[in-house]
2 protein chains.
Amino acid sequence: MNSSDNNNLSEAQNELYIWIKNYMKDFHHSPSIRQMMQAMGLKSPAPIQSRLKHLQQKGFISWQEGKARTLQIVDEVLGGVPIMGSVAAGGLIETFSDVNEELDISEVLKKKDIFALTVNGDSMIDACIAHGDMVLMEPIKDAYSLRNGTIVSAMVPGLGTTLKYFFKRENKIFLEAANPAYEPIELNLEDVVFQGRLLAVWRKV
Amino acid sequence: MNSSDNNNLSEAQNELYIWIKNYMKDFHHSPSIRQMMQAMGLKSPAPIQSRLKHLQQKGFISWQEGKARTLQIVDEVLGGVPIMGSVAAGGLIETFSDVNEELDISEVLKKKDIFALTVNGDSMIDACIAHGDMVLMEPIKDAYSLRNGTIVSAMVPGLGTTLKYFFKRENKIFLEAANPAYEPIELNLEDVVFQGRLLAVWRKV
DNA sequence: TGTATTAGAGTACATTTGTTTTAATTGTGA
DNA sequence: TCACAATTAAAACAAATGTACTCTAATACA
């Protein structure tokens, strides 16, 4: 959802919506109604109120009544990047479709208490997690609910913090690398402190 | 930079700074001075003004004078995730250090005109880009400045859009996969349209 | 101890800003 | 053309809000 149709927005509503998104991208705070008025070339706040109301009814924006500059873009707080389509990384043939989705990184970022770790080494290389990658982790509340195959960061006394596949078999914990060069680590549940569960991988080139 | 020392901030300043960051994470707009006043348990706006001034002088925040709720966190607009340390993904031993950095995803997201593509297939698997990953791309202004080894998305007539390593040798363009199962594609410069240069990889699990 | 510095309370004020209301204007369809 | 609806202008209002100022209390320091 970006520029062209935007569902069932009128021309004026869409223009305002786009302007607001750009303003908030630039200044990181909501514009005031009178600013929008000026930007739209209007001479009274009423039309803006009307358009805002419509945008709200259609679920595009929301704000706190009576409070200044509390507008926010619904469900796309920030970090929305337009997804232009998909690329073949094989032999598939595909063309750029129009923009139909948005990559919402903030959906993950919004979670509370998440943290990031720098990956050191290549033991997870077969899971496509390379040396230097950043992994976004979510704290693990109870280790009992961990499912086999989950990638976790765990603190193994004497071994340090490590990123591995988690498996549980017969009250034994196995931490397995995604690289045949590394042997699985076998542990008792009480010997390991799980720090986080893998949410996402971020690699900046 | 997160909770503990925060450079040379006083206790009160740091408390306010943390509170503001959390407020803005929750509501996606700046709090008002009187809200901060309440939150800090104060009964007059003056102390908040003072603390804000200090925070500004030390470069933590900024705002537009006279405008309501225009506060912003400097240089960490959003998307800052604390980096808790690094994990061994090999045999390395490393412990959680304290938080000393922040993963600033927004640094990439702030760039204008970037777009995302969904990866389809496994031809870039040796570059640790897997099927289903999202790749963040930056538009390519001029193809002449592309350096060998850059990962690009290119539109090859009759073949579609594809993600490959870029190489140029003797006025010929080679698009090579990171997977020995795929043959390099040889092209003339005029036969290919480069769409983007790889900025980052995002994988949500 | 006494003084200087800082932080906070209390108050007041001007501006910004959301909201309401009414009238004028424009557009649309019968 | 006429009536009806939607849009806009204009003005006014009240609440929210940033800012400035004075006075008091706490703190630090010599």
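Chain letters run A, B, ... following the sequence lines, proteins first, then strands; residues in each count from 1. Note that this is a predicted model, so its numbers are computed, not measured.
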Tell me the closest heavy-atom pair linking [X] and [Y], and the distance in Å.
X	Y	answer
A:Ile151	A:Ala127	CD1-CB, 4.3 Å
A:Ser123	A:Lys164	OG-NZ, 3.6 Å
A:Leu175	A:Ala154	CD1-CB, 4.0 Å

Answer yes or no: does a side-chain N or O of [X] lie under 4.0 Å from OP1 or OP2 of [N]?
X	N	answer
B:Arg69	D:dT17	yes
A:Trp63	C:dT17	no
B:Arg51	C:dA7	no

Next item on the list: Keeping the roles fixed (side chain from B:Thr150, backbone from B:Phe166), state whether a donor-acceptor pair exists under 3.5 Å.
Entry: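 Flag not set: sc B:Thr150 to bb B:Phe166 has no pair under 3.5 Å.
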
Next item on the list: Without swapping roles, check the side chain of A:Arg51 against the backbone of A:Gln13 for a donor-acceptor pair under 3.5 Å.
Entry: no

Whole-Å distance between [N] [atom2] and [X] [atom1]?
X	N	atom1	atom2	result
B:Glu15	C:dG8	CD	C1'	15 Å
A:Lys67	C:dT19	NZ	P	11 Å
A:Gln64	D:dA15	CD	C1'	15 Å
A:Glu65	D:dA14	CD	C1'	15 Å
A:Lys53	C:dG18	NZ	P	16 Å
B:Ile48	D:dA16	CD1	C1'	17 Å

Check: Counting side-chain heavy atoms from CB outward, which of C:dG8, D:dT17, D:dA9 is closest to A:Pro47?
Finding: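 Nucleotide nearest to A:Pro47's side chain: D:dA9.
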
Checklist line | Residue A:Ser44, side-chain atoms from C-beta onward, closest of D:dT17, C:dA7, D:dA10 | finding: D:dA10

Notebook entry, point to check: Would you call B:Phe194 and B:Ile173 a side-chain contact if the rule is heavy atoms closer than 4.5 Å?
Noted result: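 Yes, side chains in contact.
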
Notebook entry, point to check: Between B:Ala68 and B:His54, who's closer to the 5' end of DNA chain C by nearest nucleotide?
Noted result: B:His54

Note to self: Give the residues of residues 29-43 of chain B touching DNA chain D, defined as any heavy atom closer than 4.0 Å, sorted by residue number.
What the structure shows: B:Ser32, B:Ile33, B:Arg34

List the residues meeting side-chain hydrogen bond (donor to acceptor under 3.5 Å, both in side chains) with [X], not counting sequence neighbours, and say none if there are none.
X	result
A:Glu176	A:Arg169
B:Asn188	B:Lys172
A:Arg203	A:Asp133

Notebook entry, point to check: Can B:His28 and A:Gln72 be counted as having a side-chain donor-acceptor contact under 3.5 angstrom?
Noted result: no

Item checked: Bend angle of the helix from C:dT1-D:dA30 to C:dA30-D:dT1, end axes from five pairs each (to 10°) ->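 The angle separating the two end axes equals 30°.
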
Item checked: Contact pattern, 5' to 3', of nucleotides 20-28 of chain C - B, S or - by protein heavy atom under 4.0 Å -> B--------

Check: Hey, which of B:Gln64, B:His29, B:Arg69 is the one that makes side-chain hydrogen bond (donor to acceptor under 3.5 Å, both in side chains) with A:His29?
Finding: B:Gln64

